[in-house]
J.: 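Pasting in a structure now, in structure tokens, and then I'll have a few things to ask.
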Amino acid sequence: MTLLIMGTVRIPNGALDAARPAMVAMLAASRAEDGCLAYSYAQDVLDPRVIHVSERWRDRAALDAHFTTPHMAAWRAQFATLGITDRDLTLYESDDGAPI
């Protein structure tokens, strides 16, 4: 069983360029974590203020460790400055899936 986190965060118009370095740092550090199987952000084609979040974790211990990392604390600390709001993330338990 793996864990999936799917959802969105909202970034104000014109703030994506300011948020990009923090997002790149968060992605790189998270992808390097033990137990991180995938970690991505994607801008919505129809609403450029919406960033889709997709994460896949080996197990709950790896995800719990992720929540305590310095890069996670740094990322969350920047939300107010960057105007990131409407964080809507959901955790799912899943098997390893199959190609379609």
J.: What's the spacing between Ser40 OG and Ile51 CD1 if we round to 0.5 Å?
T.: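 Answer rounded to 0.5 Å: 12.0 Å.
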J.: Within the 4.5 Å heavy-atom criterion, are Ile5 and Leu63 side-chain neighbours or not?
T.: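 Yes; the side chains approach each other to less than 4.5 Å.
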J.: Considering non-hydrogen atoms only, spot the tightest contact between Met72 and Met26 and give its length.
T.: SD-CE, 3.1 Å
J.: Between Ser30 (side chain) and Leu27 (backbone), is there a donor-acceptor pair under 3.5 Å?
T.: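 No; zero donor-acceptor contacts below 3.5 Å.
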J.: To the nearest 0.5 Å, tell me how far Cys36 SG sits from Arg31 CZ.
T.: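 One finds 8.0 Å between SG of Cys36 and CZ of Arg31.
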J.: Less than 4.5 Å apart, side chain to side chain, heavy atoms only: is that true for Arg60 and Leu91?
T.: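 A side-chain contact under 4.5 Å exists here.
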J.: Report yes or no: do Val50 and Tyr41 belong to one cluster of Ile/Leu/Val/Met/Phe/Trp/Tyr joined by side chain heavy-atom distances under 4.5 Å?
T.: no
J.: Shortest non-hydrogen contact from Ala65 to Thr68?
T.: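 It is O-OG1, 2.8 Å.
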J.: Any idea which heavy atoms bring Gln78 and Ala22 closest together, and the distance?
T.: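 Closest pair (atom of Gln78, atom of Ala22, distance): OE1-CB, 3.3 Å.
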J.: Search all heavy atoms of Ile84 against all heavy atoms of Pro12 and return the closest pair with its distance.
T.: N-CD, 4.4 Å
J.: Does the side chain of Thr2 reach to within under 4.5 Å of the side chain of Tyr92, using non-hydrogen atoms?
T.: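 When only atoms from C-beta onward are counted, Tyr92 and Thr2 do not touch, as no gap falls below 4.5 Å.
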J.: Decide yes or no for Arg58 and Asp34: does some side-chain heavy atom of the first lie under 4.5 Å from some side-chain heavy atom of the second?
T.: yes
J.: Could you work out, with salt bridge (charged side-chain N to carboxylate O under 4.0 Å, His left out) as the rule, every residue matching Arg87, not counting sequence neighbours?
T.: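 Scan of Arg87 (salt bridge (charged side-chain N to carboxylate O under 4.0 Å, His left out), adjacent residues dropped) gives none.
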J.: Rounded to the nearest 0.5 Å, how far does CD of Glu33 lie from NE2 of His66?
T.: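 Interatomic distance, His66 NE2 to Glu33 CD, rounded to 0.5 Å: 5.5 Å.
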J.: Are His52 and Gln43 linked by a side-chain donor-acceptor pair shorter than 3.5 Å?
T.: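 Result is no, nothing qualifies.
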J.: Closest approach of Asp47 and Asp44, non-hydrogen atoms and distance?
T.: N-OD1, 2.9 Å
J.: Same cluster or not: Leu89 versus Trp75, using hydrophobic residues (I, L, V, M, F, W, Y) connected whenever any side-chain heavy atoms lie under 4.5 Å apart?
T.: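 The answer is yes; both residues are in one hydrophobic cluster.
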J.: Any donor and acceptor pair, going by atom type alone, linking the side chain of Glu55 with main-chain N or O of Tyr39 inside 3.5 Å?
T.: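 Not confirmed, Glu55 side chain does not pair with Tyr39 backbone.
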J.: For the hydrophobic clusters of this structure (ILVMFWY residues joined by side-chain heavy atoms under 4.5 Å, transitively), does one cluster hold both Ile11 and Val53?
T.: yes
J.: Taking only residues two or more places apart in sequence or in another chain, which ones pass salt bridge (charged side-chain N to carboxylate O under 4.0 Å, His left out) with Arg56?
T.: none
J.: What's the shortest heavy-atom distance between Ser94 and Leu4, and which atoms?
T.: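 Closest approach of Ser94 to Leu4, heavy atoms only: CB-CD1, 3.8 Å.
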J.: Taking salt bridge (charged side-chain N to carboxylate O under 4.0 Å, His left out) as the definition, give me every residue that meets it alongside Asp96, ordered by chain and number, with sequence neighbours left out.
T.: none
J.: Give a yes or no on whether a salt bridge exists between Arg10 and Asp88, defined as a side-chain N under 4.0 angstrom from a carboxylate O.
T.: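 Salt bridge: no.
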